[in-house]
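Indexing begins at 1, ligand by ligand and atom by atom, following the structure's order. The analysis underlying the following values was restricted to heavy atoms, covering all of them including side chains, and did not include hydrogens, waters or symmetry mates.
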Amino acid sequence: MIKAIITDIEGTITRISFVKEILFPYAKKQLPDFIRQNQTQKEVAIQINETKRIMQNEKADLEIDLDLEAVIAQLLQWIEDDQKITPLKQLQGLVWFEGYSKGDFTGHIYNDAMEFLNQVSNDYELYVYSSGSVKAQQLLFQYSDFGDIRPLFKDYFDTLVGGKKEVQSYNNIIKQINIAAEQVLFLSDILQELDAAKSAGLQTCQLLRDGQATSDEHVVINDFTEFDIEDFK
Ligand SMILES: CSCCC(=O)C(=O)COP(=O)(O)O
Ligand SMILES: [Mg+2]
């Protein structure tokens, strides 16, 4: 019997184009000056150092110039390539705060997803697991199209527990929420994330909103109007 539901954000409850056409371009535009101006702030300095560490590991055999502008160039390239790399995701969360709080945009939530979240939050513990940082997740929910929906969620997880395509990440979440894996349902649009969750023993449901790759290993729905809790053991 399902006791908890963990939802992905982009492609599952939020439109992919909101992330790719609004959030990412905003971060791309604002990130360089944000980093230059806040490089000594603790939260920012940690992510700059982490970016340098990854750059050094990736290019161990090359002499690379790791000044601040090289770090910024790397972060912009990661945005371009939609890399889910922790220091980038943490910095994006800090940058998006300004856009949300100034009212430049609100967090997109599908109507059917909003109805679903309202319904299931009465009967199940609701969690979030996204590649967006916990800060970015909470901003999207605080400034959502439906107002502040943060109270619906019990807790939030990001790539600090591990990447979403890795089985160990789901083991880590299960350990933290202290509910048996088979009693937890994971929702996502991405097949490899669902495969990893299933390998960790979670039940799975794929949202096929944008023609993603799919398989018959998971329950598949086009939107939450097709969701039926009876489909899960
Ligand atoms: C939730 S913050 C914006 C989305 C984002 O940066 C991202 O990488 C979304 O990935 P997801 O794991 O939610 O598909
Ligand atoms: Mg997704």
Seminar exercise, completed: Quick note on ligand 1: atoms under 4.0 Å from a heavy atom of Ala136 include exactly 2 (S)
Exercise. Is the closest heavy-atom distance from Tyr129 to ligand 1 below 4.0 Å?
Worked result: no
Exercise. Of the listed options (Lys89, Lys164, Gln92), which comes nearest to atom 6 (O) of ligand 1 when hydrogens are ignored and any heavy atom counts?
Worked result: Lys89
Exercise. Ring centres of Phe141 and Tyr100 under 6.0 Å apart?
Worked result: no
Problem set entry | Side chains of Thr214 and Gln206, donor plus acceptor under 3.5 Å | yes
For this session: State, without any angle test, whether Gln212 and Asp189 hold a side-chain donor-acceptor pair at a distance under 3.5 Å.
Result: yes
Problem set entry | Atoms in ligand 1 with a heavy atom of Phe24 nearer than 4.0 Å | 6 (O)
For this session: Around atom 9 (C) of ligand 1, find the nearest protein heavy atom and jot down its residue, atom name and distance.
Result: Glu10 OE1, 3.0 Å
Exercise. Are any of the N/O atoms in Lys84 less than 3.5 Å from those in ligand 1?
Worked result: yes
Exercise. Just by distance, with hydrogens left out, do Asp81 and Gln77 show a side-chain donor and acceptor under 3.5 Å apart?
Worked result: yes
For this session: Please round to the nearest 0.5 Å and tell me the distance separating atom CD of Glu125 and atom CD1 of Ile179.
Result: 4.0 Å
Exercise. Counting backbone and side-chain atoms alike, does Asp8 have an N/O/S atom under 2.8 Å from the Mg ion (ligand 2)?
Worked result: yes
Exercise. Looking at Tyr127 versus Tyr156, is the centre-to-centre ring distance below 6.0 Å?
Worked result: no
For this session: Please assess Phe227 against Phe232 for the test ring-ring contact (aromatic ring centres under 6.0 Å, His included), listing each intermediate value before the final yes or no.
Result: CA-CA 10 Å; Phe227 182 88; Phe232 306 94; 5.6 Å; yes
Exercise. Does the separation of the ring centres of Phe224 and Tyr110 fall below 6.0 angstrom?
Worked result: no
Exercise. Relative to the Mg ion (ligand 2), which of the N, O or S atoms in Glu10 is the closest?
Worked result: O
For this session: Could you tell me whether the side chain of Ser121 and the main chain of Leu117 form a donor-acceptor pair under 3.5 Å?
Result: yes
Problem set entry | Proximal atoms of ligand 1 relative to Leu23 (non-hydrogen, under 4.0 Å) | 3 (C)
Exercise. Between Asp155, Val184, Val161, which is the residue that forms a side-chain contact (heavy atoms from CB on, under 4.5 Å) with Ile173?
Worked result: Val161
For this session: Using distance alone, determine whether Ser131 and ligand 1 share an N or O pair under 3.5 Å.
Result: yes
Exercise. Would you say Asp8 has any N or O atom under 3.5 Å from an N or O of ligand 1, going by distance alone?
Worked result: yes
For this session: Before signing off on this row, confirm whether Trp96 and ligand 1 have an N or O atom pair separated by under 3.5 Å.
Result: no
Exercise. At what distance is the nearest protein heavy atom to atom 13 (O) of ligand 1, and which residue and atom is it?
Worked result: Ser130 OG, 2.7 Å
Problem set entry | Residue Asp189 atom name (nearest to the Mg ion (ligand 2); N/O/S) | OD1
Exercise. Under 4.0 Å from any heavy atom of Ile9, which atoms of ligand 1 are there?
Worked result: 1 (C), 13 (O)
